[in-house]
2 protein chains.
Amino acid sequence: MTAATPDTEPDLLALDQQVCFALAVAARSVIALYRPVLEPLGLTHPQYLVMLALWQHRRLTVKELGGLLQLDSGTLSPLLKRLVSVGLVTKARDGRDERVVVVELTETGSALRQQALAVPRAVMARLRMDVGDLVALRDSLTSVIAAATTAGPPPAEQSQT
Amino acid sequence: MTAATPDTEPDLLALDQQVCFALAVAARSVIALYRPVLEPLGLTHPQYLVMLALWQHRRLTVKELGGLLQLDSGTLSPLLKRLVSVGLVTKARDGRDERVVVVELTETGSALRQQALAVPRAVMARLRMDVGDLVALRDSLTSVIAAATTAGPPPAEQSQT
DNA sequence: TGCAGATCAATTGTGTGCAATCGGATTGTA
DNA sequence: TACAATCCGATTGCACACAATTGATCTGCA
């Protein structure tokens, strides 16, 4: 039980640090689990996420990709450049709006999906974990993402000047 | 739309991807919450974690730091170099074992703790989130970290020792 | 004593991730 | 038609994060 004493402050502060540190370590650990599985495909984890988005949508602008993956162009530009260099995707400016760059799968990129289908199972094999725990984790993560992304800066600053 | 069909295989595979992606996004989002709070202290989030460890232990070897934070020397070396350059910590080789590098707080580094005490509260103010959800998240994360770090490569290789 | 193997930190190279800025293109407005 | 504001992606600079290698040191064993 959570002792409902008025002085719960210290616990909350400690909890915050535990959660953030655990979040960072967990993300790195799970991504590390993907590494050997993705290595035969020649993909890093972020590249795998980009390919997942393209396998689903076939054709996306850089901005759309950034929205889906929560990444900006500073990260996506070099990443896509590498995917282009290995022949998995193509980049081309949209004729109707020359500002927009459309990313599209190549034949090779589409074909890679077949090998990628085995990835989730392989990762799950390494991460032997209770399904219920996994569902609970996903729900918790959804809450944090919502709280962290909607939360404006602090509560609200009184305008001064 | 969570269809509870007896053929749960596809759902599990999809869930797996959601979890890992959500983990990456959540970690980045929460670390982004720390950024403006840590900025007045002149610290990045990984640097803040190193300082937290030193405020607690006062004196640690690079290896001990790596064990506590789950980071290797390739990450810690340049990070510590920056903390040394701004005068928060010192590095010195151990006299008894010249391979070991001992990291220690300077006066400035110790004094910074006073300002850092306000950090958790400020982050919690930005992350307006139910405490129960936070506890659930921490517990879930603990499970994943345990599962991801203890899990050897694939299921099991035939012993060859 | 002497040497092979292990340990530890640093370094190098690659790949994200983010802030800030730039240049080209489009859109709204006068 | 001009022109300012906006939008979009690329680029630059900095800071992790990890694999692989290197160099210095220590330890165990013959």
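Being a predicted model, the structure only gives us computed values, none of them experimental. Convention: sequence-line order gives letters A, B, ...; per-chain numbering from 1.
Counting only heavy atoms from C-beta on, B:Arg93 has its side chain closest to C:dA9 among C:dT26, C:dA6, C:dA9. With C:dT11, D:dA17, D:dA10 as the candidates, the nucleotide lying closest to the side chain of A:Ser73 is D:dA10. Closest to the side chain of A:Asp97, out of D:dC18, C:dA25, D:dA15, is C:dA25. Picking from C:dT26, C:dG17, D:dG9 the nucleotide with the shortest atom distance to the side chain of A:Thr75 gives C:dG17. Of the candidates D:dT25, C:dA9, C:dT16, C:dA9 carries the atom nearest the B:Thr61 side chain, counting heavy atoms from C-beta on.
For A:Val62 and A:Ala32, each mapped to the nucleotide of DNA chain D holding its nearest heavy atom, the one lying further toward the 5' end belongs to A:Val62. Checking A:Gly95 against A:Thr44, the closest nucleotide of DNA chain C that is more toward the 5' end is the one next to A:Thr44.
Atoms CG (B:Leu71) and C1' (C:dC8) sit 16 Å apart, rounded to a whole Å. What separates CG of B:Leu69 from P of C:dA9 is a distance of 13 Å, to the nearest Å. Straight-line distance from the CG atom of B:Leu38 to the P atom of D:dA15: 14 Å, rounded to whole Å. Between B:Arg35 atom CZ and C:dC18 atom P there is a gap of 6 Å when expressed in whole angstrom units. Atom C1' of nucleotide D:dG9 and atom CG of A:Leu60 are separated by 15 Å, given to the nearest angstrom. Regarding A:Leu49, its CG atom lies at a distance of 14 Å from the C1' atom of C:dG15, rounded to whole Å. Distance, B:Lys81 NZ to D:dC16 P: 13 Å, rounded to whole Å. Look at CD on A:Glu98: it is 13 Å from P on D:dA10, rounded to the nearest Å.
Under the 4.5 Å side-chain criterion, counting only non-hydrogen atoms from C-beta, A:Val144 is not in contact with B:Asp133. Taking 4.5 Å as the limit, every side-chain heavy atom of B:Val50 sits out of range of all side-chain heavy atoms of B:Val89.
At least one side-chain nitrogen or oxygen of A:Arg28 sits closer than 4.0 Å to the OP1 or OP2 atom of D:dC18. Residue B:Lys91 has a polar side-chain atom (N or O) positioned under 4.0 Å from OP1 or OP2 of C:dA10. In this structure, A:Gln70 does not reach the C:dG17 phosphate: none of its side-chain N or O atoms is under 4.0 Å from OP1 or OP2. Under 4.0 angstrom from either OP1 or OP2 of C:dT16 there lies at least one side-chain N or O belonging to A:Gln47. Considering only side-chain N and O atoms, B:Ser77 lies under 4.0 angstrom from the phosphate OP1 or OP2 of C:dA10.
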Check your understanding: Given A:Leu43 and A:Leu83, is the side-chain contact (heavy atoms from CB on, under 4.5 Å) satisfied, shown in steps?
Key -> CA-CA 9 Å; A:Leu43 293 176; A:Leu83 291 182; 4.0 Å; yes
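No donor-acceptor pair closer than 3.5 Å links the side chain of B:Thr61 to the backbone N or O of B:Val101. No donor-acceptor pair closer than 3.5 Å links the side chain of B:Arg58 to the backbone N or O of B:Trp55.
Within the 4.0 angstrom heavy-atom criterion, no nucleotide atom of any strand lies near A:Leu76.
Taken from CG in B:Leu23 to CG in A:Leu141, the straight-line distance is 5.5 Å, to the nearest 0.5 Å.
Between the side chain of B:Arg99 and the base of C:dT7, a donor-acceptor pair under 3.5 Å is found.
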